[in-house]
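Values below: all heavy atoms of this structure, side chains included; hydrogens, waters and symmetry mates excluded.
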Amino acid sequence: MELENQYSPSRWVIRRGAEETLRTYSRIGEEATKNARATRRSLLHVPYGDGEGEKLDIYFPEEVSEASPFCLFFHGGYWQSGSKDTSAFMVNPLTTRGVAVVIVAYDLAPKAPALRAGTLDQMVDQVTRSIAFVQKQYPCNEGIYLCGHSAGAHLAAMMLLANWTTHGVTPNLKGFFLVSGIYDLEPIVYTTQNAPLLMTLEGAQQNSPQLLLEAALTRPSDPACHVLVTVGQHDSPEFQRQSREFYQTLCRGGWNASFEEIRDADHFEIIWNLTQQDSVLTQMILRTILREH
């Protein structure tokens, strides 16, 4: 089935086979995390809520300051795999330049209660609370930036529509880095990826930032907040279409948005390259954050 093919990122890798790519991705994530924990000042497994999965890791720059910019990362894995404990890709390149990095965990689909669309609703709520937590802990921050990959980019994009009043704090959001994301969840309903998610069509629509932004009358509260939408040159055509259409929707909605296709990168390389200070995406992220300061 073509939809199944389009939404299976490992089928589109070009340099390695699918299995070797996934193994390499896991290995690089594990090594980056081990390295970050060994060489950076950190607070690990900090609870941002009462749930077992509601933990985050904070990695600080050498010059520790409550006023650092903070970049929060939400891992991918189709809302059903992945871990904060193997996702510290960007920690060393960003902390070296004075940016604190927070890697956020959220409950994955098989563990989440099988309510009607409850799995995704719960994850969106957890991500919202993790951001509110960081803002409350570090109220003097020089800006909070959200970076998400794949399913994590979907969760980060949902924060463009978050209602912060219920959380008692308005985070100092300055930028979004959305990497190879999914913004319209309707196609996922018709793939095997939906088996653990149990998404109904209605649930998919309620959790699709593409559809919600198209319908939203709200305008960005901070016009300077920058949304960077990126996709790999070797991502599938559907992933590329989703990214371009979401970028266009942001522009129509008055957001300060930009779009970049990362040349010669597939769905997995685009993130594991964040371990490199000189990778194109690392440089874009650093330019956006450091230009603010």
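- L228 CG to T288 OG1: the interatomic distance, rounded to the nearest 0.5 Å, is 6.0 Å.
- A distance of 10.0 Å separates OG in S208 from CZ in F246, rounded to the nearest 0.5 Å.
- Residues V169 and F70 do not share a hydrophobic cluster, defined by chaining ILVMFWY side chains whose heavy atoms lie under 4.5 Å apart.
- Side-chain contact check for H234 versus F268: every heavy-atom pair is 4.5 Å or farther apart.
- Within the 3.5 Å criterion, the main-chain N or O of Q193 finds a donor-acceptor partner in the side chain of T191.
- A donor-acceptor distance shorter than 3.5 angstrom exists from the side chain of Q126 to the backbone of D107, with no hydrogens or angles considered.
- Judged purely by atom type and a 3.5 angstrom limit, T33 uses its side chain to pair as donor or acceptor with the backbone of S87.
- A donor-acceptor pair under 3.5 Å links the side-chain atoms of N273 to the main chain of E269, judged by distance alone.
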Practice problem: Given side chain to side chain contact (heavy atoms under 4.5 Å, CB included), test M90 with T282 step by step and report yes or no. | Solution: CA-CA 8 Å; M90 57 166 52; T282 307; over 6 Å; no
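- Contact check for L56 versus V134: side-chain heavy atoms found under the 4.5 Å cut-off.
- Residues meeting the ring pair (Phe, Tyr, Trp, His ring centres under 6.0 Å) test with Y247, sequence neighbours left out: F259.
- Checked against salt bridge (Lys or Arg N to Asp or Glu O under 4.0 Å), R241 has the following partners two or more places apart in sequence or in another chain: E238, E245.
- Put simply, W12 and I262 are part of two different groups of oily side chains (I, L, V, M, F, W, Y) that touch within less than 4.5 Å, one to the next.
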Review item, side-chain donor-acceptor pairs of residues 181-189, under 3.5 Å, at least two apart:
residue, atom, partner, partner atom, Å
Y183, OH, G181, N, 3.4
D184, OD1, E186, N, 3.1
E186, OE2, Q205, NE2, 3.2

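- The minimum heavy-atom distance between A32 and A88, with the atom names listed, is CB-O, 3.8 Å.
- Residues T275 and N92 are not in side-chain contact: their nearest non-hydrogen atoms beyond the backbone lie 4.5 Å or more apart.
- Residues F74 and I131 form a side-chain contact, since some pair of their non-hydrogen atoms from C-beta on lies under 4.5 Å apart.
- For T192, the side chain to side chain donor-acceptor pair (under 3.5 Å) partners are E4, not counting sequence neighbours.
- Between the side chains of R16 and S10, no donor-acceptor pair is found at a separation under 3.5 Å.
- Side-chain N or O atoms of S243 include none that pairs as donor or acceptor with a backbone N or O of Q240 at under 3.5 Å.
- T165 pairs by the side chain to side chain donor-acceptor pair (under 3.5 Å) definition with N163, not counting sequence neighbours.
- Once rounded to the nearest 0.5 Å, the distance linking CE of M158 with CE of M123 reads 11.5 Å.
- Closest of all the heavy-atom pairs between P209 and H154 is CD-CD2, 3.5 Å.
- Remark: D57 pairs with R37, K84 by the salt bridge (Lys or Arg N to Asp or Glu O under 4.0 Å) rule, at least two apart or across chains.
- A pairwise comparison of heavy atoms in G77 and A151 identifies N-CB, 4.4 Å as the closest pair.
- With sequence neighbours excluded, no residue satisfies ring pair (Phe, Tyr, Trp, His ring centres under 6.0 Å) with F133.
- Contacts of S81 classified as side chain to side chain contact (heavy atoms under 4.5 Å, CB included), with partners at least two apart in sequence or in another chain: none.
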Self-check item: V91 and I103: CA distance, side-chain angles, deciding distance, side chain to side chain contact (heavy atoms under 4.5 Å, CB included) verdict
Solution: CA-CA 9 Å; V91 166; I103 312 293; 4.3 Å; yes
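- If you take CG on L211 and CD on Q206, they are separated by 11.0 Å, rounding to the nearest 0.5 Å.
- Listed by chain and number, the residues in a side chain to side chain donor-acceptor pair (under 3.5 Å) with E2 are Q6 (sequence neighbours excluded).
- Between V179 and T230, the shortest heavy-atom contact is CA-OG1, 3.4 Å.
- Looking at heavy atoms from C-beta onward, I271 lies in side-chain contact with F73 at the 4.5 angstrom threshold.
- In this structure the side chain of W79 never reaches within 4.5 angstrom of the side chain of T119, judged on heavy atoms.
- Residue R252 places its CZ atom among more than 12 non-hydrogen atoms of other residues, nucleotides or ligands, all under 6.0 Å distant.
- Shortest non-hydrogen contact noted between N256 and C225 is CB-O, 3.5 Å.
- Checked by atom type and distance alone, the side chain of Q233 pairs as donor or acceptor with a backbone atom of D264 at under 3.5 Å.
- The nearest pair of heavy atoms linking Y48 to A105 is OH-O, 2.7 Å.
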Practice problem: Check the pair V229 / F176 against side chain to side chain contact (heavy atoms under 4.5 Å, CB included), numbers first and verdict last. | Solution: CA-CA 8 Å; V229 182; F176 290 73; over 6 Å; no
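- Taking Y106 as the reference, H75 meet the ring pair (Phe, Tyr, Trp, His ring centres under 6.0 Å) condition, with sequence neighbours excluded.
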Quiz item: Do Y145 and V99 pass the side chain to side chain contact (heavy atoms under 4.5 Å, CB included) test, and can you show the C-alpha distance, the side-chain angles, and the key distance before you say yes or no?
Solution: CA-CA 10 Å; Y145 298 81; V99 181; 6.0 Å; no
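- By the 4.5 Å heavy-atom criterion applied to side chains, E142 and I289 are not counted as neighbours.
- Looking at E214, its side chain never comes within 3.5 Å of a backbone N or O of T249 through a donor-acceptor pair.
- For S258, the side chain to side chain donor-acceptor pair (under 3.5 Å) partners two or more places apart in sequence, or in a different chain, are H226.
- A salt bridge links R244 to E261: at least one charged side-chain nitrogen sits closer than 4.0 Å to a carboxylate oxygen.
- Considering only heavy atoms from C-beta on, S68 stays 4.5 Å or farther from F60 through its side chain.
- In this structure H267 satisfies the ring pair (Phe, Tyr, Trp, His ring centres under 6.0 Å) test together with H149, F239, sequence neighbours excluded.
- With hydrophobic clusters built from ILVMFWY side chains whose heavy atoms lie under 4.5 angstrom apart, Y25 does not share a cluster with I14.
- One finds the CG atom of L155 at 12.5 Å from the CG atom of L72 (value rounded to the nearest 0.5 Å).
- Under 4.0 Å is where a charged nitrogen must lie from a carboxylate oxygen, and between E30 and K34 no such pair does.
- Expressed to the nearest 0.5 Å, how far CE of M284 lies from CG of L286 amounts to 12.0 Å.
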